[in-house]
> 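After the structure tokens below, expect a handful of questions from me.
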Amino acid sequence: MTTRLTVREAFFDFCRSVGMTTVFGNPGSTELRMFRDFPDDFRYVLALQETVAVAAAAGHSLGTGGATLVSLHSAGGVGHSLGAVFNAYRDRVPVVIIAGQQSRAMLPTRPFLGADEPAQFPRPYVKWSRQPERAEDVPAALAEAYRVAMTHPRGPVFLSVPEDDWDRPAEPVPAREIRTDFTASPAALREVAAALDGAANPVIVVGAGVEDEGALPGVVELAERTGAPVWISPLSGRSGFPEDHPLFRGFLPPVRQHLSARLEGHDVILVLGAPVFTYHVHSEGRVIPEGARLFHFDCDPATTAWAPVGTSVLTTIDAGVSGLLELVAKADRPHPEPRERLAKPQATDPIDPALVVETLRERMPEDAVIVEECPSHRDLFHARLPITRSGGFLTTGSGALGWGLPVAVGRAVAGSGERIVCVIGDGSTMYSVQSLWTAAQHRVPMTVLVLNNHGYGAVKALGRRIELETVPGTDIHGIDFVALARSLGCDGRTVTRAADLDAAMAEGLAHEGPFVIDVRVAADDSALYAPEAR
Ligand SMILES: O=C(O)C(=O)c1ccccc1
């Protein structure tokens with residue numbers, strides 16, 4: 001005989017069985033029956049806007065390595081969240097989004113708050129999207145959604161639940177497992193191994209898949225075995241290689257012509273867990289140097305299908321790299337010249353953003369996790385602050401701003417006391433500044449370092465690239481970030497003089513709970529991705 005439960009009981013039982021007991025959300029009347037007898041072992045983390053809920057859940061997921069549950073309110077709430085859903089999809093972060101829907105009985109008369117075609121709304125930026133036909137199907141649909149989210153390539157899924165479903169009877173979801181790692185045929189791996197063994201000058205390009213799929217140790221071993229230098233793929237949302245390793249070369253630019261120039265001289269290119277390639281602005285030219293052969297490991301059939309060159313091998317990265325390590329011979333190649341260490345800039349006013357990054361580097365605890373969303377300063381950040389361990393760096397690989405601050409909060413909620421440092425622009429901060437309230441409520445160990453250049457600096461810099469002297473709508477003045485942070489429950493400090501920077505950094509990094517440092521930095525007048533810069 002099967003046990004009869006309510007939809008709600010079967011739903012929470014399943015969540016518990018897979019460890020999804022933290023719910024990020026923003027509630028409304030269409031979710032009220034879900035909250036009846038809300039279980040004591042579940043934690044509801046309130047976000048004051050839905051982009052914050054989804055991005056914080058993504059940060060939590062990145063911290064735990066599992067899927068995280070998000071509860072949104074009907075059509076309007078889902079609409080607010082979509083920028084973050086886009087990033088979660090492109091960045092392959094498994095978030096299980098449930099959204100309230102009006103009672104089934106009311107749907108024919110287009111009720112207040114009701115969602116028309118709810119499953120369509122978040123598409124195409126979810127892997128799976130449903131409103132079950134019957135109330136009793138909700139728990140099994142949740143289980144299916146969870147499994148889809150956690151199967152490589154991972155990503156967000158969406159389940160719309162009508163309000164009157166939660167009290168209806170349902171059956172428990174049977175426990176089962178899916179083993180999600182997979183690798184290519186031995187013949188495909190032999191082909192890649194033979195190419196590496198026969199290469200005169202191989203190179204490896206790593207992407208977010210390396211860390212997301214737990215492949216970093218294997219990738220380091222493969223680089224050392226082959227002696228191949230390693231680049232990080234353009235705009236990668238993670239690091240992917242210890243940036244202090246002698247084989248580490250740097251970050252590929254997201255411009256076809258410049259990227260190809262960086263790979264000049266290599267005859268075999270192995271891309272691991274990155275698209276081939278992510279560009280930000282268009283340039284003509286070759287994807288890879290003439291005569292070079294490219295091999296590409298990725299778990300996503302779609303990503304391998306649109307890659308314009310090379311041989312793609314469908315595999316999860318750890319499994320594929322482990323397979324290669326069984327086959328590839330040790331090569332004796334000299335290590336490349338060590339990368340030049342940039343000198344610390346002078347303490348001048350207005351403050352050089354490079355000085356801020358150097359000061360952070362000196363003061364940052366070893367186990368700190370950096371969450372970055374400062375497009376204007378990303379290159380100098382990468383040049384001056386090497387990330388040396390897996391999970392130490394998180395950003396968006398897909399570009400929708402307003403992600404970094406809530407991701408930092410969610411990552412901190414998932415953490416065990418390590419400092420989360422969110423290095424963020426003033427423009428980025430304002431998309432989802434409500435995140436600070438959630439950070440304050442949970443007293444998370446988070447330091448927000450606002451590199452405040454009073455505007456959308458990256459957009460200005462991209463404008464200069466195409467000879468635009470000014471771009472309308474790119475100046476932001478008159479925001480007091482510390483006053484704003486205080487009103488949301490966070491402490492903070494404004495820094496306008498280089499002489500005050502070190503003390504503020506020390507205070508902000510040691511502060512118990514969240515702390516905002518608003519550093520007024522000198523505006524830059526370089527052009528992003530300019531030909532002469534690369
Ligand atoms: O190009 C843009 O408009 C933009 O929003 C952006 C996002 C991330 C990095 C640089 C620019």
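Atoms within a ligand are numbered from 1 in the order they appear, just like the ligands themselves.
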> Is there side-chain contact between Ile351 and Arg497, with at least one heavy-atom pair below 4.5 Å?
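They are not in side-chain contact.
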> What are the atom names and distances for all N or O pairs under 3.5 Å between ligand 1 and the protein?
| from | atom 1 | to | atom 2 | distance (Å) |
| --- | --- | --- | --- | --- |
| ligand 1 | 1 (O) | His280 | NE2 | 2.9 |

> For a side-chain hydrogen bond (donor to acceptor under 3.5 Å, both in side chains) check, start with the C-alpha distance between Asp244 and Thr388, then their side-chain angles and the critical distance, and finish with the verdict.
CA-CA 6 Å; Asp244 56 352; Thr388 55; 4.9 Å; no
> Which residues pass the side chain to side chain donor-acceptor pair (under 3.5 Å) test with Glu243, not counting sequence neighbours?
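By the side chain to side chain donor-acceptor pair (under 3.5 Å) rule, Glu243 matches Ser239.
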> How long is the straight-line distance from OG of Ser312 back to NE2 of His296, given to the nearest 0.5 Å?
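Going from the NE2 atom of His296 to the OG atom of Ser312 covers 5.0 Å.
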> Any carboxylate oxygen within less than 4.0 angstrom of a Lys/Arg side-chain nitrogen, looking at Asp212 and Arg154?
no
> Are Val495 and Asp518 close enough that some pair of their side-chain heavy atoms sits under 4.5 Å apart?
no
